[in-house]
> 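Structure in C-alpha cells, see below.
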Amino acid sequence: MTDAEPPSRAIPPARARPGIVGREFHLSSLPWWAIIIIATGLTLAYLILASPPYHDTFTFLSAGLIVTLRITVSSYAIATIIGLFTGLARTSKNVIPYTVSTLYVETVRGIPLIVLMLYMAFVVVPAVANLLRVLGGWGYSAVGGSFFSNLSTIHSRDVSLELRAIVALGIGYGAYEAEIFRAGIQSIGRGQMEAARSLGMTYPQAMRHIILPQAIRRVLPPLGNDFIACLKDSSLATVLAVDELTQLGRLRRSSTFRVFETFNVVSFLYLAMTLTLSALVRGLERKMKFEE
Amino acid sequence: MDPIILVKDLHKYFGSVEAVRGVDLEVHRGEVVVIIGPSGSGKSTLLRCINHLEAPTRGEVWVDGKHLTHRQTDINAVRAEVGMVFQMFNLFPHLTALQNVALALRIVRKQSRDEAEAVGMEQLRRVGIPEKAGAYPGQLSGGQQQRVAIARALAMNPKIMLFDEPTSALDPEMIKEVLDVMLELAAAGMTMLVVSHEMGFAKAAAQRILFMDQGLIVEETTPEGLYTAPKEERTRQFLSKILH
C-alpha cells in the first residue's frame with residue numbers, strides 16, 4: 001500500500017438534504033401529501049357547489065353529518081367518564097375495583113366494536129328493559145304508584161337505536177380511554193405520590209390534586225386521537241340502521257345508483273372532519289412540548 | 001423526657017431482601033441526628049419507615065407518642081406532623097413554588113387560600129426565595145427547588161423533619177444554599193433526622209451520628225468521635241472513602 005492521500009471525503013453539501021438544511025427552495029421539500037388532499041378537497045367542494053348530482057348528494061347527506069357528530073360527541077363524553085374512573089380503578093391496589101375494571105377492559109377490548117354494537121342493541125337493551133319491566137310489575141303490585149306502573153310498561157323499543165349506538169360506542173371506547181388514563185397515571189413518578197402523602201394528604205386527595213392534573217395534561221393528545229377514531233367508528237352505527245353519514249350514503253346509493261358521487265362525498269366529509277381534528281391534536285401536542 | 005421518635009426492633013423486607021434487619025433508635029426533641037453509611041445499607045428505608053412511606057415488616061415505630069405500626073393509628077395525621085425532604089425534591093411541577101408550599105395547608109389543614117398563602121410566603125422567605133413564589137419548579141435551579149421543598153415541609157409546622165439525602169442530586173455550587181437553610185433550622189431547635197454524607201453539616205449541627213451497614217446501626221457516636229476514634233473497622237473503612 002502506498003501512502004495514499006487520505007480520501008478527502010467531503011461532508012455532503014447541505015443542499016443534498018432537502019428541506020432540512022439551508023433555506024434554498026426545493027420542490028421535493030413541500031408537503032405534497034397535504035397539497036394533494038387540499039386540491040382534491042377543493043375540487044370536491046367546487047363540484048358540490050356547481051354540479052347538481054354532487055349538490056343533491058351533499059344536501060341529502062348533511063342530515064347524517066349532524067347525527068354522526070351527535071353520536072361521536074355523546075359517546076365520547078360517556079367514554080371519557082367511564083375511562084377516567086376505570087383507569088383509576090385499574091391503578092388501585094384494592095382487589096375489587098381492580099378486578100371489576102380489568103374484567104371490563106379486557107372483555108370489551110377483545111370484542112369487535114361492530115359486534116359490541118349489535119350485542120348492546122339486541123341483547124343488553126332488551127334484557128335490561130325486561131328486567132325493569134319485571135321489577136316494575138313487582139313494585140306496582142307491592143307498593144303501587146305511577147313510578148312502578150310506568151316501569152312495568154317499559155319496552156326496549158322505547159330506546160332509540162341511536163341511543164343504543166351511543167351507549168355501545170361509549171362503553172367500547174370507555175375501555176380504550178381507561179387504558180390511556182391508566183398509562184397517564186402510571187407515567188407520573190412515584191415521588192409525586194410520596195411527596196403528597198408525606199404532607200399528610202390521603203390517597204384520593206393526592207390523586208385529585210397532584211397526580212390527575214399532571215396525568216390528564218399528558219394524555220390529552222392520545223385522547224384527541226381517540227376522539228378522531230371514535231368519529232370514524234361512529235359509522236358502525238349503520239349496522240343498527242341509524243341515519244348517520246354512512247347509513248345515508250348507503251341509502252343514497254341504493255335509491256340513485258350514483259355510487260361514485262355518493263361515496264366521494266361521504267369520504268370527503270369524513271376526511272374534512274378527521275383531518276381538521278388531527279391538525280388540532282398536532283397543535284396541542286406541539287404546545288405541550290413547548291410548555292414542558 | 002419521652003423520645004419523639006422511638007423505633008423498636010425494626011425489620012423491613014423487600015421481597016426476600018432484608019433492607020433493615022433490626023434497628024432500635026431513640027430521637028429526643030430538638031436533637032439533630034445524622035445517618036451515614038454505604039448505599040444499600042438501609043438508611044433511606046429506615047427514614048421512610050418513620051413516616052410510613054414504607055410499612056415495616058416487623059417491629060414498632062412510635063412518633064410523638066403515636067404508635068405508627070398500629071392498625072388504628074391515623075397515618076395521615078402523623079405524617080402531617082413529620083416533614084420529609086427528598087433527594088429528588090419531588091416538587092409538584094404543575095404548581096408554582098407558592099402553590100407547592102400552600103397546597104397541603106389548604107387540603108390537609110383546611111385553611112383558606114389567603115391564610116395558606118400567607119404561611120407559604122413566610123416559609124419561602126425563611127428559605128430565602130420569596131421572589132420565586134410565582135415560578136414553576138421547572139424554572140428553578142436544583143438548589144432553589146430543594147429550598148422550596150423544605151419550605152413546603154416546614155409550612156405544615158412539623159415536629160420532626162426527615163431529610164433523605166437532600167443534597168445528593170445537587171450541583172456542588174448549590175449544596176451550600178441548602179445546607180445553610182438546614183443549619184438555620186437546626187439552630188432554631190428543630191428535631192432533625194438527616195441521611196447525608198455532608199460531614200461539614202454533621203460536624204456543625206449534629207449531636208449524634210449513626211453509621212449503618214447492611215441494615216443495622218453499626219456504630220453510634222458524636223461528630224468528634226467519628227473523626228478521632230471510630231470504634232468499628234467498617235466505619236473506619238467507610239470514612240476513609242468519603243473523607244478525602
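What you see below is based on every heavy atom in this structure, not just the backbone, and it leaves out hydrogens, waters and symmetry mates. None of these values were measured; they are calculated from a predicted model. Residue numbers start from 1 in every chain, and the chains themselves are labelled A, B, ... in the order their sequence lines are given, proteins ahead of strands.
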> Can you confirm whether A:Tyr98 is buried at OH, in the sense that more than 12 heavy atoms of other residues, nucleotides or ligands lie under 6.0 Å from that atom?
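No.
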
> Counting N and O atoms only, with roles assigned by atom type, does the side chain of B:Asn90 sit under 3.5 Å from a partner on the main chain of A:Gly191, one being a donor and the other an acceptor?
yes

> Around atom CZ of A:Phe85, are there more than 12 heavy atoms from other residues, nucleotides or ligands closer than 6.0 Å?
no

> With a 4.5 angstrom heavy-atom cut-off, could you sort out which part of B:Val82 is near chain A: side chain, backbone, both or neither?
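Backbone only.
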
> With only heavy atoms counted, which part of B:Arg48 is less than 4.5 Å from chain A, the side chain, the backbone, both or neither?
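The side chain, not the backbone.
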
> Look at B:Ala149, B:Pro158, B:Pro93 and state which one has the largest set of heavy-atom pairs under 4.5 Å with chain A.
B:Pro93

> At a heavy-atom distance under 4.5 Å, which candidate from B:Arg109, B:Met84, B:His94, B:Glu81 has the highest pair count against chain A?
B:His94

> Looking at B:Phe14, I'd like to know if its CZ atom is crowded, meaning that more than 12 non-hydrogen atoms belonging to other residues, nucleotides or ligands lie closer than 6.0 Å.
yes

> How close do A:Gln205 and B:Lys110 get, counting heavy atoms only, and between which atoms?
NE2-NZ, 3.9 Å

> Heavy-atom count check: over 12 atoms from other residues, nucleotides or ligands less than 6.0 Å from A:Arg109 CZ?
yes

> About how many Å separate CZ of B:Arg152 and OG of A:Ser198, when rounded to the nearest 0.5 Å?
6.5 Å

> Step through the shown structure and confirm whether more than 12 heavy atoms of other residues, nucleotides or ligands are within 6.0 Å of CZ on B:Arg21.
yes

> I want to check something: taking the side chain as every heavy atom from C-beta on, are B:Ile107 and A:Leu199 in contact at a cut-off of under 4.5 Å?
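SC-SC contact between B:Ile107 and A:Leu199 ruled out.
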
> At their closest point, which heavy atom of B:Asn76 faces which heavy atom of A:Met201, and how far apart are they?
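Minimum heavy-atom separation between B:Asn76 and A:Met201: OD1-O, 3.4 Å.
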
> Identify which part of B:Leu91 has an atom lying under 4.5 Å from any heavy atom of chain A, answering side chain, backbone, both or neither.
backbone

> For B:Met88, is it the side chain, the backbone, both or neither that has a heavy atom under 4.5 Å from a heavy atom of chain A?
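It is neither, since no heavy atom gets under 4.5 Å.
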
> Taking all non-hydrogen atoms of both residues into account, name the closest pair between A:Ala195 and B:Phe92 and its distance.
CB-CE2, 3.9 Å

> Is a donor on one side and an acceptor on the other found under 3.5 Å between the side chain of A:His209 and the backbone of B:Ala104?
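Not confirmed, A:His209 side chain does not pair with B:Ala104 backbone.
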
> Near A:Ile35 CD1, under 6.0 Å, is it more than 12 heavy atoms from other residues, nucleotides or ligands?
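Enclosed.
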
> Contact part of A:Arg190 toward chain B, heavy-atom cut-off under 4.5 Å: side chain, backbone, both or neither?
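Side chain of A:Arg190 only, per the 4.5 Å heavy-atom cut-off to chain B.
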
